[in-house]
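This report refers to the structure that appears directly beneath it.
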There are 2 protein chains.
Amino acid sequence: MARTQGSHAQITGPRIREAALHLFAEHGFAAVSMRQIAAKVGVQAGALYNYTPDKQALLFSLLKGHMDELLSAAPDQTTASPQDRLETFVKFHIEFHLQRHEAVFISYMELRNLTAENFEVIESLRRAYENRLETILRDGVAAGVFSVHDTKLTTMAIIAMLTGITTWYRDGGRLSADEVSATYCDMVRKAVGAL
Amino acid sequence: MARTQGSHAQITGPRIREAALHLFAEHGFAAVSMRQIAAKVGVQAGALYNYTPDKQALLFSLLKGHMDELLSAAPDQTTASPQDRLETFVKFHIEFHLQRHEAVFISYMELRNLTAENFEVIESLRRAYENRLETILRDGVAAGVFSVHDTKLTTMAIIAMLTGITTWYRDGGRLSADEVSATYCDMVRKAVGAL
DNA sequence: GTCTATATCGAGATAGAC
DNA sequence: GTCTATCTCGATATAGAC
């Protein structure tokens with residue numbers, strides 16, 4: 001991976017983020033050195049500091065980018081029925097998270113390694129995302145089409161169940177992503193007592 | 001925490017494990033130093049090596065102990081109905097995991113930091129535990145009292161959903177552990193279409 | 001069994017040449 | 001923008017005295 005000197009501003013930045021993402025997911029933030037990241041990109045360790053003030057900022061930038069992308073990609077179709085919105089949410093959540101299982105992993109795993117301020121930023125984005133689901137559940141209860149005892153608990157239960165898929169699902173396994181998605185959709189529907 | 005010299009064999013071992021558990025859960029395995037663990041116990045770093053050959057073995061011992069305890073504590077009442085066995089499993093899982101949320105956390109989090117051999121040991125214990133639940137689901141399907149499309153998927157979904165409670169539940173919150181447990185029990189029952 | 005002292009290593013980050 | 005060289009620090013683990 002060694003390379004000669006030269007300037008590659010536009011391309012090096014994204015490559016650093018990509019390398020860091022993979023390495024953090026594989027070994028954990030604390031276990032990965034700036035030298036390892038640099039080696040994967042093909043630059044020297046010192047060069048990384050043209051792109052990030054320090055290692056912590058690099059981690060935060062990865063998590064923040066992931067959450068921003070999640071929130072802007074999440075469907076927000078307030079006109080459909082609660083049942084349809086729930087199905088759309090579940091399918092979106094599974095597809096989005098399966099495609100980014102490394103980012104999902106470190107977004108949960110490395111929260112401890114954020115400063116208190118950075119942690120608060122990520123946490124509030126996560127809560128905003130959870131609220132999208134809870135709103136669907138609440139609307140369904142109000143409309144009398146869901147049977148849910150506690151919308152907050154059910155929100156947490158559904159999200160944990162769906163995100164858990166990323167810990168074992170890999171392409172080329174026994175079931176396709178669509179099959180998994182359909183089965184989970186069905187379980188969620190039943191769990192909320194959808195009519 | 002500094003203390004004078006002396007021999008405390010019977011008590012130091014457990015205290016090291018306890019200190020390591022808390023610190024690993026709080027900061028992550030790679031981020032915790034042997035000096036930190038020693039300081040929390042009140043000994044010098046060198047003394048730890050009377051109890052563990054190295055840091056890796058200390059981690060493995062914690063995870064192995066956790067899984068052994070889980071498997072021996074798990075209920076195994078093969079005579080009851082699938083519905084009752086499912087309810088017993090769910091309640092057991094929640095109670096056991098809530099009481100050990102730090103061990104649960106590192107058992108999932110720090111798998112990457114195990115050697116390949118140690119990893120295999122923990123993984124096979126985890127699979128053995130999952131099989132307990134899958135057997136209940138299969139028996140319920142065979143008896144015609146559960147409506148489950150794929151027992152393996154449903155097993156993973158239920159376990160992820162239940163274990164997820166440990167990420168947010170803390171004593172003294174809005175709901176008691178028993179209330180949470182009852183609500184989740186209900187969701188699981190509905191998700192498997194229990195009669 | 002615990003201490004102090006230390007060997008060895010690699011970490012994050014910076015300085016200045018090109 | 002990247003390189004090489006380096007500062008400073010703290011890590012794991014070991015050795016030998018008590």
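For the numbers below, each heavy atom of this structure counts, side chains included, while hydrogens, waters and symmetry mates do not. Convention: sequence-line order gives letters A, B, ...; per-chain numbering from 1.
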I want to verify a distance call: between [options], whose nearest atom is closest to the [X] side chain?
X: Q44(B); options: dT2(C), dC3(D), dT4(C); answer: dT4(C)
X: T12(A); options: dC3(C), dT2(D), dA13(C); answer: dT2(D)
X: K55(B); options: dA13(D), dT4(D), dA11(C); answer: dA13(D)
X: N50(B); options: dG1(C), dC3(D), dG1(D); answer: dG1(C)

*Compare every heavy atom of A73(A) with every heavy atom of F96(A), then report the nearest pair and how far apart it is.*
CE1-CB, 3.9 Å

Starting from [atom2] on [N], measure out to [atom1] on [X] and report it in whole angstrom.
X: F29(A); N: dA11(C); atom1: CZ; atom2: C1'; result: 12 Å
X: L48(A); N: dA13(C); atom1: CG; atom2: P; result: 10 Å
X: I37(B); N: dA13(D); atom1: CD1; atom2: C1'; result: 13 Å
X: I16(A); N: dG1(D); atom1: CD1; atom2: C1'; result: 11 Å
X: M34(B); N: dT14(D); atom1: CE; atom2: P; result: 10 Å
X: R35(A); N: dA13(C); atom1: CZ; atom2: P; result: 11 Å
X: I11(B); N: dT2(C); atom1: CD1; atom2: C1'; result: 15 Å
X: Y49(B); N: dG16(D); atom1: OH; atom2: P; result: 18 Å

_Stepwise ring pair (Phe, Tyr, Trp, His ring centres under 6.0 Å) test for F60(B) and F119(B)_ = CA-CA 9 Å; F60(B) 176 65; F119(B) 177 80; over 10 Å; no

*Between CZ of F29(A) and CG of L111(A), what distance do you get to the nearest 0.5 Å?*
12.0 Å

*Check step by step if side chain to side chain donor-acceptor pair (under 3.5 Å) holds for T163(A) and H97(A).*
CA-CA 7 Å; T163(A) 306; H97(A) 285 72; 4.7 Å; no

_Side-chain N or O of S33(B) closer than 4.0 Å to phosphate OP1/OP2 of dG10(D)_ = no

